[in-house]
Amino acid sequence: QVQLVESGGGSVQAGGSLRLSCAASGYTYSSNCMGWFRQAPGKEREGVAVSDSDGLTVYADSVKGRFTVSEDNGKNTLYLQMTSLKPEDTAVYYCAAGGRVLSLNYLRYNYWGQGTQVTVSS
């Protein structure tokens with residue numbers, strides 16, 4: 001059974017940084033894609049950053065240059081380093097896995113964590 005558990009969310013002022021972690025169990029990262037998605041109130045879930053087992057990454061235009069996705073295969077953990085945070089980054093952030101192609105489309109991922117809240121104040 002695949003389990004994804006996010007941590008690291010919280011409240012921060014604009015310009016600040018946070019690092020999210022996603023601990024995966026019952027899941028093999030190789031040959032699949034993982035990534036981070038977010039959903040703000042009243043908005044559709046959107047892709048933030050995704051990566052595959054070869055280290056290829058795709059970022060949403062809104063976070064390029066500010067967010068970095070990385071993985072520690074030894075710990076089976078995915079990270080999202082977020083810097084220069086903006087109020088519009090406020091959302092629940094979800095870790096996802098099981099994507100067969102490297103895509104920011106959330107419909108392409110089969111497994112989801114419970115989400116962690118990120119709040120950025122101005």
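Keep in mind it's a predicted model, so treat the numbers as computed, not measured.
- Nearest heavy atoms, Ser121 versus Pro87: C-CG, 4.5 Å.
- The disulfide (SG to SG under 2.5 Å) analysis of residues 53-94, with sequence neighbours excluded, yields no pairs.
- The disulfide (SG to SG under 2.5 Å) contacts involving residues 48-91 comprise nothing, where partners must be two or more places apart or lie in separate chains.
- By the salt bridge (charged side-chain N to carboxylate O under 4.0 Å, His left out) test, Arg66 is found to be paired with Asp89, residues two or more places apart in sequence or in another chain being considered.
- Qualifying side chain to side chain donor-acceptor pair (under 3.5 Å) partners for Gln117, counting only residues two or more places apart in sequence or in other chains: Thr119.
- Take Tyr94 and apply the ring pair (Phe, Tyr, Trp, His ring centres under 6.0 Å) test, not counting sequence neighbours, and it matches no residue.
- Of all heavy-atom pairs between Asp52 and Cys33, the closest is CB-SG, 3.7 Å.
- Counting all heavy atoms, side chain and backbone alike, Val2 lies closest to Gly26 at CG2-O, 3.2 Å.
- Phe37 is not connected to Val101 by any chain of hydrophobic side-chain contacts under 4.5 Å among Ile, Leu, Val, Met, Phe, Trp and Tyr, and they are in different clusters.
- Screening residues 5-17 for side-chain hydrogen bond (donor to acceptor under 3.5 Å, both in side chains), with sequence neighbours left out, gives Glu6-Gln114.
- Partners of Asn105 according to the side chain to side chain contact (heavy atoms under 4.5 Å, CB included) rule, which considers only residues two or more places apart in sequence or in another chain, are Ser103, Leu107, Arg108.
- Note that OG of Ser25 and CD of Gln1 are 8.0 Å apart. Values are rounded to the nearest 0.5 Å.
- Using modelled atom types, no side-chain atom of Trp112 and backbone atom of Leu4 make a donor-acceptor pair closer than 3.5 Å.
- Under the 3.5 Å distance criterion, the side-chain polar atoms of Asn76 are matched with a main-chain donor or acceptor of Ala24.
- In this structure, Leu20 and Val118 have side chains that are in contact, with non-hydrogen atoms separated by less than 4.5 Å.
- Pairs passing the disulfide (SG to SG under 2.5 Å) check and including a residue from residues 35-89, sequence neighbours excluded, do not occur.
- Closest non-hydrogen pair, Leu85 versus Leu18, comes out as CD1-N, 3.9 Å.
- Pairs passing the disulfide (SG to SG under 2.5 Å) check and including a residue from residues 87-122, sequence neighbours excluded, read Cys22-Cys95.
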Only distances under 3.5 Å count here; give the side-chain donor-acceptor pairs of residues 40-47 to other protein atoms, sequence neighbours excluded, each with its distance to 0.1 Å.
{"from": "Glu44", "atom 1": "OE2", "to": "Tyr106", "atom 2": "OH", "distance (Å)": "3.2"}
{"from": "Arg45", "atom 1": "NE", "to": "Gln39", "atom 2": "OE1", "distance (Å)": "3.3"}
{"from": "Arg45", "atom 1": "NH2", "to": "Gln39", "atom 2": "OE1", "distance (Å)": "3.4"}
{"from": "Glu46", "atom 1": "OE2", "to": "Arg38", "atom 2": "NE", "distance (Å)": "2.6"}
{"from": "Glu46", "atom 1": "OE2", "to": "Arg38", "atom 2": "NH2", "distance (Å)": "3.2"}

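- Among residues two or more places apart in sequence or in another chain, the ring pair (Phe, Tyr, Trp, His ring centres under 6.0 Å) test is passed with Tyr111 by none.
- Checked by atom type and distance alone, the side chain of Tyr59 never pairs as donor or acceptor with a backbone atom of Gly65 at under 3.5 Å.
- Between Leu104 and the choices Val50, Asp61, Val48, the side chain to side chain contact (heavy atoms under 4.5 Å, CB included) rule is met once, by Val50.
- The nearest pair of heavy atoms linking Trp36 to Tyr79 is NE1-O, 3.2 Å.
- With Ser21 as reference, Thr77 is the one residue of Thr77, Leu80, Val5 to meet the side chain to side chain contact (heavy atoms under 4.5 Å, CB included) rule.
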